[in-house]
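Remarks on the structure that follows.
In what follows, every chain begins at residue 1, and chains take the letters A, B, ... in the order their sequences are listed. All of these numbers come straight from a predicted model, not from anything done at the bench.
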Amino acid sequence: MDGEAPRAAVSWENGTLAPIDRLRLERADSPTPGLVEGTEPGAGQKSAMFVHAQSFEDLTSEAEEEARREADLDKSEGECSEELKLLVGEKTIEEQRNDNFSIEDRSKEEDVSSEAWRSHRKHVFVLSEAGKPIYTRYGTEEALSSTMGVMMALVSFVEAEKNIIRSIHADGCKVVFLTKSPLVLVGVSRTCQSDKELMRELQYIYYQIVSLLTLTQLNHIFQHKQNYDLRRLLAGSEYLTDNLLHRLDRDPGLLLSAVTCLPLASSARDVVSTSLQAAKAKNLVFSILVAGDRLVTLVRKKDQFLHHIDLHLVFNLVGSSSSFREGEGWTPICLPKFNTAGFFHAHISYLEPASELCLILVSTDREDFFNMSDCKQRFLERLNKRSAYQALKEALKCPSYSVAQVGIPELRHFLYKSKSSGLYTSPEFPFVYQSDEEQERLMGLYQDLHSRLHHPNRPLRSFYRCTATENLLAWVTSGFELYLCFSPLGTKALAVSAVTKLLKWIRKEEDRLFILSPLTY
Amino acid sequence: MEDNLPAVPGGAQRHSVTLTRPVQTLRVKMVLLGSSGVGKSSLALRFSKNELRSTSPTVGCAYLTSVVHLSDVTLRFEIWDTAGQEKYHSVTPLYYRGAHAALLVYDISKRETFIRAQLWLKELEKQYIPGSTVIWLVGNKCDLDQDRQVSVQDGLGLANERGLFFTETSALSGDQVNELLLAIAHRVYECIGVQQGGLSEWQEMPLVNVHHRHTFNPFASCCKVGP
Ligand SMILES: Nc1nc2c(ncn2[C@@H]2O[C@H](COP(=O)(O)OP(=O)(O)OP(=O)(O)O)[C@@H](O)[C@H]2O)c(=O)[nH]1
Ligand SMILES: [Mg+2]
């Protein structure tokens, strides 16, 4: 590819190179951990792509939580732990009866009375306020209807006393409740995640369901028929929730509330972004180009922001379904963090049949299919004209980088999130974390660090932990969050000194690893 | 330049026909309706690329195209492969409104999908303008004869009673798939193509001519989805 031509085209086209250069001078080459938000490596130079503020809903629910914390749950906790045994402990009569229950063929078929079922690390159940089962991660909803009945009984029992049940701790097991009328979500976990983290995961599941149906429709259904079996409407979409739960265990983006980008020379990314920017239409709100789970670029309507949760739901939808590979997809989708009441309409298609590159065009008009299809055509034409497509395809060949490039001895892996851009970067897993189990274990360590930094009562700015298998350091400032994983040979002093060095390296590479100049139409 | 363009899935299939006389290309809007899992997407993929792939359930709707050459006309089928899942039913009218051909697909090895096809028929008939839509009943998965729950007579009976065309197909083996598309093409051309304003003409977009694109959009005027 001719590297010069597109760059010239960019500076000519959007005329923003000058201010960016000026800005660049203010961005220190050797950033220190004390830097302020907006100047950390990876911070966008013009405006952010995502909303950072929590939505009203989340803020109010946090206030509620605060109030709940005041309320003492001691009494009900004691009484509940007996009933909890029904959920996780001994076989109940109900479950025994299910032993000879012949279950129809379904891949997640599993005997809910078996030891294997009970020993899963994390169960998630969704039920209606009438106690009807809607979703279970393992086993079938039918087989669990009595268990879910017990859960709903717990929730209503506590509610009857003008209280809200948040969690039950017993037997190395946590049961977390999230009541989001008209749904109740219950997580049963044997992991060491905090209640807050588990609650956050349940919220994701809640939003996943809302994104398929909208909250308005959910409310409408249950107002008309309290006893409605929602599985009818969710039939065929269970895999989305299954996959989201899998991602929650493995994807650092969901933990960090951030997304990661495909490493790409900024000149090439700028061409892709401006091509997408030029292919606009009246009702087009977001144009998102992704490569697998990595963002290539995102162009949005002025004053409209996408929330990272909504973007993760889009990633999950696209990544979970092969149906978009045939033809052009056109589907209603609710982006619950944007608006729980209505549907957007997304045009979803791959740039080439076998390509990883998928373009998502989000419109407000359900009759906009041909306009969106036309936008895609125009985007492709521009992309080809400026030979950025080739650069993009080259970049796809190395979607990640090795930690060795950073040049810090004993450093095995890290997660770095730029708070103001909502983007994070992370190297590929090194050899010691090749297996799925090891990767999930490492994610577990990060989750632990994360929950310590973000402890609801006693948040920490930094945290160092040394185990037999690794040394870990977590550091949060107003500008970034950093999680470092060293070999057990590392020391605390080494870890602390690595921070500056790593920040310097990220600053050097930020053009490639982050989207520094997000565009609007 | 044009050759560099990545092939757009479902986009126009550039067919290199050396034309002795200009053959008109007409656009046909075709919709596939039926329960989830009956094989609508598999049929659509056969129609469009003569391929077989197992795909996951359709999300919303998928749009594909397929070109059929008849002796004196070329038909460009614009296929709307709808999702059978109930949650998407509210948007389905967008796709069958104004369709020239509607395929009611059921699975011959699942009785309830046959019942469901009849419900779709009822809904279609509400919108039906006589002579404007060719409705075809399609019993798919005829390779599963050993598990058959809907007999050929049942299908044929329903079709005769309601004035539909009827075919049994197998998207898996490809049996009767091409024949079906060709038969639909003939029927649509005979029934609708000859009418004044029945089928609109299709013009391939001049892909290189970017400057004219915003003024020239063949879709803008005549093929909005829905009412
Ligand atoms: N035996 C057999 N299987 C088929 C045939 N056609 C499709 N299938 C299989 O049936 C399953 C569902 O096919 P799809 O084409 O995805 O069904 P669909 O009607 O598009 O389903 P939705 O998109 O959910 O509405 C897939 O596993 C296909 O491989 C057929 O003719 N014979
Ligand atoms: Mg389908």
Side-chain angles (χ1 to χ4, degrees), chain A residues 212-214 217 230-237 239-240 278-279 281 317-318 320-333 343 345-355 357 359 365-374 376-378 380-385 387 389-390 393, chain B residues 1-12 35-37 41-42 44-45 48-49 51 53-66 78-91 94-95 205 207-210 213-214 217-227:
Chain A
L212 290 168
L213 300 172
T214 74
Q217 198 183 336
L230 196 66
R231 281 179 306 157
R232 237 179 86 182
L233 276 185
L234 292 175
S237 300
Y239 70 97
L240 285 175
L317 178 71
V318 172
S320 302
S321 174
S322 62
S323 85
F324 303 114
R325 293 218 164 255
E326 314 304 338
E328 297 167 63
W330 180 240
T331 182
I333 180 172
F343 280 118
H345 298 270
H347 182 282
I348 304 175
S349 63
Y350 285 84
L351 298 195
E352 282 182 78
S355 168
L357 291 166
L359 180 64
D365 184 356
R366 66 181 197 170
E367 304 196 1
D368 236 3
F369 175 85
F370 284 104
N371 289 331
M372 294 302 108
S373 190
D374 187 50
K376 179 189 174 184
Q377 284 302 329
R378 283 188 279 147
L380 286 179
E381 282 160 26
R382 282 195 164 246
L383 204 57
N384 269 289
K385 225 179 175 173
S387 62
Y389 193 53
Q390 208 46 48
K393 284 205 275 200
Chain B
M1 175 77 247
E2 207 178 321
D3 293 335
N4 287 337
L5 274 174
V8 183
S35 309
S36 186
S41 300
S42 309
L45 193 61
S48 163
K49 298 176 191 160
E51 283 172 13
R53 235 188 314 259
S54 95
T55 69
S56 39
T58 305
V59 174
C61 188
Y63 175 83
L64 301 95
T65 58
S66 176
E78 298 175 352
I79 304 169
W80 295 95
D81 166 27
T82 64
Q85 290 171 17
E86 189 173 330
K87 64 178 152 296
Y88 297 114
H89 285 186
S90 56
V91 288
L94 280 181
Y95 308 112
M205 274 179 289
L207 283 171
V208 266
N209 201 344
V210 185
R213 284 304 295 279
H214 20 254
N217 176 3
F219 296 132
S221 55
C222 56
C223 200
K224 278 270 183 171
V225 193

task: Specify which of A:Gly236, A:Ser355, A:Gly329, A:Ser320 makes the most heavy-atom pairs with chain B at under 4.5 Å.
output: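 Heavy-atom pair counts peak at A:Gly236.
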Leading residue by heavy atom contact count with chain B [cutoff under 4.5 Å; candidates A:Leu213, A:Ile348, A:Leu233, A:Leu317]: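 Highest number of heavy-atom pairs under 4.5 Å: A:Leu233.
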Candidates A:Phe324, A:Trp330, A:Phe369 - the one meeting ring pair (Phe, Tyr, Trp, His ring centres under 6.0 Å) with B:Tyr63: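 Among A:Phe324, A:Trp330, A:Phe369, the one meeting ring pair (Phe, Tyr, Trp, His ring centres under 6.0 Å) with B:Tyr63 is A:Phe369.
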query: Quick one: what part of B:Gln85 sits under 4.5 Å from any heavy atom of chain A, side chain, backbone, both or neither?
result: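 Answer is side chain: those atoms of B:Gln85 sit under 4.5 Å from chain A.
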task: State the CD-OG distance between A:Glu326 and B:Ser48, to the nearest 0.5 angstrom.
output: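 The OG atom of B:Ser48 is 8.5 Å from CD of A:Glu326, to the nearest 0.5 Å.
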message: Need one label for A:Tyr239: side chain, backbone, both or neither, based on atoms under 4.5 Å from any heavy atom in chain B.
response: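 It is the side chain, since no backbone atom gets that close.
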query: Do B:Lys87 side-chain atoms and A:Ala235 backbone N/O form a donor-acceptor pair below 3.5 Å?
result: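 Answer holds: yes.
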message: Please tell me whether B:Ser56 and A:Ser321 have a donor and an acceptor in their side chains that are separated by less than 3.5 angstrom.
response: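 There is such a pair (donor and acceptor under 3.5 Å, judged by atom type) between the side chains of B:Ser56 and A:Ser321.
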field: Nearest heavy-atom neighbours spanning B:Val59 and A:Ser323
entry: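 Heavy-atom minimum between the residues: N-OG, 3.6 Å.
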